[in-house]
Structure formats: structure tokens, C-alpha cells
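Chain naming here is simple, since letters A, B, ... match the order of the sequence lines and numbering starts at 1 in each.
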2 protein chains.
Amino acid sequence: MEKLTINDIAKLAGVSTATVSNFLNHNYGKMSAKTRAHVAKIITEHNYHPNSVARDLAKNDNKTIGVSIADITNPFSATVLSGISAVFNQAGYRMIFTNADNDQDTETSNILRLQAQNVAGIIIDPVNPDNPIYQTLSNNDIVMFDRQMETLTFDSVATNNTEAVEEMTKRMMIAGYDELYFVSWPLEKVSTRIKRYQGFLRAIRYPDGTHLIPVPYPGQSESLVTFQTQIKRIMEQRGNKKVGFFTMNASVFVQLLQTMQHNNYTYPTDYGVATYEEFDWMTVMRPGISCIRQDSRRIGTDAAKLLKKKLETKEGGVPTTHIIPTTLIIRDSF
Amino acid sequence: MEKLTINDIAKLAGVSTATVSNFLNHNYGKMSAKTRAHVAKIITEHNYHPNSVARDLAKNDNKTIGVSIADITNPFSATVLSGISAVFNQAGYRMIFTNADNDQDTETSNILRLQAQNVAGIIIDPVNPDNPIYQTLSNNDIVMFDRQMETLTFDSVATNNTEAVEEMTKRMMIAGYDELYFVSWPLEKVSTRIKRYQGFLRAIRYPDGTHLIPVPYPGQSESLVTFQTQIKRIMEQRGNKKVGFFTMNASVFVQLLQTMQHNNYTYPTDYGVATYEEFDWMTVMRPGISCIRQDSRRIGTDAAKLLKKKLETKEGGVPTTHIIPTTLIIRDSF
DNA sequence: CTGTTAGCGCGTTCAC
DNA sequence: GTGAACGCGCTAACAG
């Protein structure tokens with residue numbers, strides 16, 4: 001791109017690089033009004049912008065942060081990213097972006113690369129909180145969001161998963177449902193899923209596992225069949241009971257609805273449904289979808305502010321979880 | 001983060017930094033098999049990774065590219081980004097990410113910052129192709145996608161907008177619609193919108209503007225009313241005519257449906273509809289939505305490969321547009 | 001008020 | 001196999 005350096009400008013202006021540097025750093029006391037104006041003119045004329053990487057170098061500073069996203073294709077993550085990016089741009093940090101495509105090995109190599117690129121800190125949207133790479137990291141320069149590790153090792157930003165689901169489940173119970181199911185991607189050790197499931201169990205005390213329906217990730221068609229037959233059986237055997245489903249995110253919600261439609265069941269007549277996450281398109285589904293709205297953008301801004309603060313104060317401290325509240329949106333799907 | 005440098009490794013291994021460097025660069029001819037093995041051991045033992053920024057510095061190379069996204073919240077852009085990121089990671093480039101939140105001034109400052117950060121090249125998803133900042137850029141190190149400038153100044157990657165819409169519009173005509181409308185965010189000078197609109201006009205020769213319905217961007221509620229009354233009037237005055245709508249993207253589609261539902265009109269009975277873009281959730285809308293599917297990921301990978309090639313051959317050449325084909329998905333919405 | 005110059009951090013490279 | 005100069009673009013202490 002642009003090749004102009006502080007040296008070129010100094011020559012063009014007929015002054016020393018020191019003067020140019022002083023000008024750039026607003027040390028106007030060190031030059032005459034005349035040279036000041038002249039340097040200003042040359043700089044704007046040639047559209048010169050100092051190289052910020054070199055500046056970091058000279059100042060022995062580091063304004064680069066890394067971001068590792070599990071899957072940028074997920075609209076939730078994209079919105080979080082917009083929040084992160086807003087905060088860091090504002091603060092004059094540059095942001096190196098990596099995406100793991102939901103693959104743990106890719107994530108590992110992304111994080112290694114971020115380290116090799118000498119970033120000051122990393123924000124992580126973990127693919128799998130068990131990834132051993134995390135054990136090599138320190139809470140001094142890491143913030144996670146959405147999913148956390150089982151034992152809290154890093155500061156994290158997340159929504160009030162348990163409480164929100166508990167509340168929504170209670171609403172469904174009040175609405176007269178006899179049998180409720182929690183539909184989710186495999187819980188594995190993903191805290192987000194586990195916490196949402198715990199909220200479900202808190203509201204309605206089923207034995208663990210009896211009312212948990214796993215859905216495979218997109219693309220794994222074998223186990224999809226298992227899911228579909230499970231749903232079909234529940235519906236066929238429901239008799240006079242009112243059955244309802246809570247889906248742990250929008251993608252799972254779409255999966256459930258596809259299966260239901262395939263078997264010609266419609267909500268809220270044949271079954272009730274509610275979901276975590278809200279998106280635009282839910283407003284045009286009829287009947288309206290009851291859902292849990294989360295402020296994804298704020299998850300991003302909060303995570304970014306948190307990391308920025310840690311880096312500036314150089315204090316990691318005890319890892320804590322920062323909770324962003326959610327809103328229950330009740331429509332007509334149960 | 002990690003503090004190990006080539007110096008530390010050299011000391012730990014009891015060799016010179018030169019030897020370590022040679023090892024890292026696979027110049028094994030310059031050391032004995034014994035030291036080679038020993039250095040290898042030390043490096044893996046301490047999990048050392050050379051600082052890639054310093055390496056670029058020393059080699060006077062530059063493996064940093066910048067990305068300027070108009071609005072990462074748009075699922076289309078996010079998918080494109082995943083493609084870009086896959087290609088560049090693979091190739092050992094790091095990627096500085098910026099997001100303009102659909103604001104031209106933010107975009108301008110983002111691009112300026114990318115330049116100041118001394119990136120080798122930039123991929124741009126333009127907010128407004130008229131942004132004067134573009135005039136300061138050269139085709140040698142820029143690739144755009146989705147939207148292009150009026151006069152082609154940079155290599156661009158886009159879908160076959162005109163042909164796809166033309167084809168879909170024809171299908172609607174064949175289905176017996178008497179009156180068709182093209183619903184779109186304001187055309188302004190955004191090529192994507194203009195080209196889609198041209199495809200519409202090619203299929204059905206209305207005088208320019210008579211069947212073009214602008215929708216405001218999300219958040220601009222004043223002009224939303226204008227849109228809503230316009231739709232209402234068309235529906236009320238349609239008499240026995242079959243009217244149909246083509247929406248230029250998914251967001252506009254949702255807007256249209258909201259308005260229709262508000263007035264108790266349902267497709268395909270009261271009106272027909274089709275849209276550019278396909279998303280997951282369209283598969284659960286009933287009746288099914290006819291739409292134009294584009295391979296967003298590939299737009300990203302192609303744009304990235306293109307830029308990479310330009311940078312490596314140092315040849316900009318004549319700006320051309322690279323077209324990615326689309327697929328028509330016909331369901332039951334018209 | 002302005003210029004000179006030694007770093008900054010970390011790898012590369014070449015003469016020995 | 002090594003030592004040490006060198007490079008990037010900028011900053012800042014100091015000399016003049």
C-alpha cells in the first residue's frame with residue numbers, strides 16, 4: 001500500500017524526522033508556528049499516516065488483540081464480533097480475526113498462531129471448552145464468551161442461561177403442558193447447553209436425561225434419523241397429553257420445526273414450543289414464536305472492555321463470569 | 001503472552017541464534033545431525049513458536065491483509081468472511097478485521113487505519129461504493145465483493161445478479177402474475193441492487209421506477225410508514241389481478257412479510273413472493289419460500305484467492321468482475 | 001527551536 | 001557452527 005515513511009515526509013518538508021515525530025505526537029512546543037504549519041501542510045498534502053505497528057515497536061507497546069471465533073457463520077457470534085470490534089477500534093487496537101469453523105484442531109492452531117503473532121490478549125469463543133490448548137493460557141490476557149470451561153479458568157461473559165430457561169419453562173408449565181422436552185445439540189461439556197438444561201430441570205424436576213433430546217450438528221445426517229424417530233414417537237404416543245419443547249438455540253429450533261412439519265404436526269395445536277435466541281425472521285413466523293432474547297452485541301462490548309481493562313491494568317485476578325440479562329418474549333407458540 | 005524468543009531457545013540449547021534460525025528455516029545443511037535433533041527437542045519441549053511479525057520484519061515481507069466489512073451482522077457477510085478467513089489462514093496470512101456498522105465514515109476511518117497498519121492488501125465489502133476514499137486506492141492490492149463501484153475500479157467478486165433475478169421474474173410471469181413489484185433497499189448507487197433490479201426489468205418491461213418499491217434500512221421508522229401504506233394501497237387496489245413481489249434480500253423479505261401479515265394478507269393466496277438469498281429458516285416457513293441461493297462462502301474464498309494472487313504476482317491488471325453462479329429454488333410462495 | 005542518533009524486539013544473514 | 005550487523009518506521013533523549 002502507501003509507501004511514505006516519516007523519513008520521506010521529513011525530507012519533503014525539509015526538516016528532521018524528530019520534528020515530524022514531535023508534530024505527530026502533538027509536541028508543538030518544540031517547533032515554531034511556521035514549521036508546524038509547514039509540516040502539517042506536507043502531511044495532509046501527501047496523505048501521510050504513520051505506521052502504527054512501527055509506533056508500537058518504538059513505544060514498546062502492543063495494541064494488537066486476537067479473536068478466535070468458533071463459527072462466524074452463527075449469527076450470534078457475528079453480532080458479538082460487531083460489539084468487540086466497535087470497542088477495540090474505538091480504543092485504537094487492531095484486531096486479528098480467526099475462525100475455527102467449529103473444528104477443535106483449527107481452533108488450536110488459530111490460537112497458536114495468534115500467540116506467535118504476538119497479540120496482547122485474546123478473546124475466545126470456544127469450540128470445545130475442554131480443548132487442552134486452554135491449559136497453556138493465562139487469565140491475564142484472555143476473555144471467553146458464551147461457553148465457559150467446567151472449572152472457571154478465565155473471565156467469561158455470558159447470559160443468565162439457567163434463570164432464563166427456568167423462567168420460560170415455568171411459563172410453559174403454567175400454560176398447562178403435561179410433558180416438556182429440552183431439545184439441544186449434544187451437551188458434551190459445553191457450559192451454555194448445560195446451564196440451559198439445568199434451568200429446564202430446575203423448573204420441572206425430571207430425572208436427568210429422561211426428557212433431554214439431542215440433535216446432531218448440521219451435516220451429521222446419520223444421527224439425524226435417530227432424532228427424527230424420537231420426535232415422531234413422542235408425538236404418536238402423546239395421547240391426550242399436551243407436549244411442549246424448548247430448543248436451546250435457533251438452529252435446533254429450525255431442526256425441530258422441519259421434523260414436525262415433515263410429520264404434519266403444527267404448533268401450538270399439536271405441540272408447544274419456545275426457544276433460546278431471537279432473530280428477525282421469528283417475527284414473521286405465524287403463530288409467533290416465544291423466545292429468549294439476548295443482547296449479543298453487548299456480550300461483545302462487555303467482553304472487549306473487560307479484556308482491555310485487564311491489559312491496561314495488567315491484572316488478571318480471579319476469573320469471574322459476567323452475566324448479561326435476557327428478556328422473555330412471549331408470543332403464541334405455546 | 002508467551003515470552004520465549006529465539007535468544008532464549010539458543011541459550012537453552014547452547015547454540016547460537018543463527019543455528020536456531022537455520023533450523024527454523026529448514027537449512028539443515030548448516031548443522032550436524034546431533035545439534036539438529038537437540039534444537040528440535042528444545043523447541044518442542046518449550047513449545048516455542050517464532051514471532052511471525054518479527055519474521056516479516058526481518059524478511060521485509062508482509063503477510064498481513066485487512067478486511068473491511070460493511071456490516072458483519074448480515075449473515076451473508078459473515079459467511080463470506082468465513083471463506084476469506086479459511087483461505088488466508090491456510091496460506092499463513094494474518095487478517096485484520098474491521099466492521100463499518102453500515103456507516104460510511106466508519107468505513108473510511110477503518111480503511112485509513114488498515115493502511116496505517118501497513119497491510120499488504122485489503123478486501124472490501126463496501127458500504128457505499130461512492131465513498132471517496134476508494135479513489136485513493138489502487139487495484140494492485142484491493143478486491144471488493146458483493147457491491148461494486150459504478151465504474152469498475154477494482155477486481156470484484158459477485159453473483160450473477162441480473163440473470164438470476166431475470167430468470168426468477170420470468171418464472172413468476174409464467175405462473176400467471178399480472179403485476180410484479182421489485183422491493184428493495186434504496187437503489188442509490190449500490191450495484192448489487194441495481195443489477196438485481198435490471199434483471200427484473202429485463203424480464204418484464206415496465207417503465208423505470210413504476211414498479212420499484214423502496215424499503216428503508218432497519219431503524220428508519222419514518223419512511224417505513226411510506227412503505228407500509230404503499231404496500232397497503234397496492235393490495236387494496238389489486239382487484240382481480242394477481243400481484244407478486246420480488247424482494248432483493250432476506251431482510252427486505254422479512255419487512256414485506258411483516259407488513260403483509262399486519263394487514264392480514266397471506267401468500268400465495270393474496271399475493272406471490274420470491275426473494276434473493278436463502279437461509280435456513282426459510283425451510284420452515286409454510287408455504288415454502290421460492291428464492292435464489294448463492295454460494296456466499298465461495299464468494300469469500302474466491303475473493304481471498306484473487307487478492308492473494310495479486311499480491312504474490314504484484315500485478316493488478318485490468319479490474320474485472322468474477323461471477324459466482326446462483327441456484328433458483330422454487331417452492332410454493334408464488 | 002531543530003537535528004542527530006540510539007534504541008525498540010526479534011529474526012535473518014553473512015563473513016569468519 | 002558462530003558473532004554480530006542489519007532491518008523495519010518511529011520515538012525520545014540529548015546535543016547544538
Point to revise | For DNA chain D, the residues among residues 17-27 of chain B that have a non-hydrogen atom under 4.0 Å from it | key: T17(B), A18(B), T19(B)
Nearest 0.5 angstrom please: [X] [atom1] to [Y] [atom2], how far?
X      : Y       : atom1 : atom2 : value
T79(B) : I299(B) : OG1   : CD1   : 9.5 Å
T35(B) : H38(B)  : OG1   : NE2   : 9.5 Å
N74(A) : S82(B)  : CG    : OG    : 12.0 Å
L81(A) : S296(A) : CG    : OG    : 12.0 Å

Practice item. May I ask you to test the T64(A)-N118(A) pair for a side-chain heavy-atom distance under 4.5 Å? Key: no
Check your understanding: Would you call K309(A) and V143(A) a side-chain contact if the rule is heavy atoms closer than 4.5 Å?
Key -> no
Roughly how many Å is it from [atom1] in [X] to [atom2] in [N], rounded to a whole number?
X       : N       : atom1 : atom2 : value
K63(B)  : dC10(C) : NZ    : C1'   : 19 Å
Q117(B) : dG9(D)  : CD    : P     : 15 Å
N51(A)  : dT11(D) : CG    : C1'   : 13 Å
I43(B)  : dC10(C) : CD1   : P     : 16 Å
H49(A)  : dG9(D)  : NE2   : C1'   : 16 Å
N118(B) : dC8(D)  : CG    : C1'   : 9 Å
D56(A)  : dT11(D) : CG    : P     : 10 Å
N62(B)  : dG7(D)  : CG    : C1'   : 14 Å

Review point. Heavy atoms under 4.0 Å, any strand shown: does V15(B) hit a base, just sugar-phosphate, or nothing?
Key: sugar-phosphate
Review point. What is the nucleic acid contact for G29(B), judged by heavy atoms within less than 4.0 Å: base, sugar-phosphate only, or nothing?
Key: nothing
Practice item. Check whether the side chains of T98(A) and R113(A) place a donor and an acceptor atom closer than 3.5 Å, and report yes or no. Key: no
Review point. Looking just at side-chain N and O atoms, do N131(A) and E107(A) make a donor-acceptor pair shorter than 3.5 Å?
Key: yes
It should be established whether [X] places a side-chain nitrogen or oxygen under 4.0 Å from OP1 or OP2 of nucleotide [N].
X      : N       : answer
R55(B) : dC10(C) : no
Y48(A) : dC10(D) : yes
T5(A)  : dG9(D)  : no

So which protein N/O to nucleotides 6-8 of chain C N/O distances come out below 3.5 Å?
{"from": "dC8(C)", "atom 1": "O2", "to": "L57(A)", "atom 2": "O", "distance (Å)": "3.4"}
{"from": "dC8(C)", "atom 1": "O2", "to": "A58(A)", "atom 2": "N", "distance (Å)": "3.3"}

Point to revise | Donor-acceptor contact below 3.5 Å, side chain D155(A) vs main chain T320(A) | key: yes
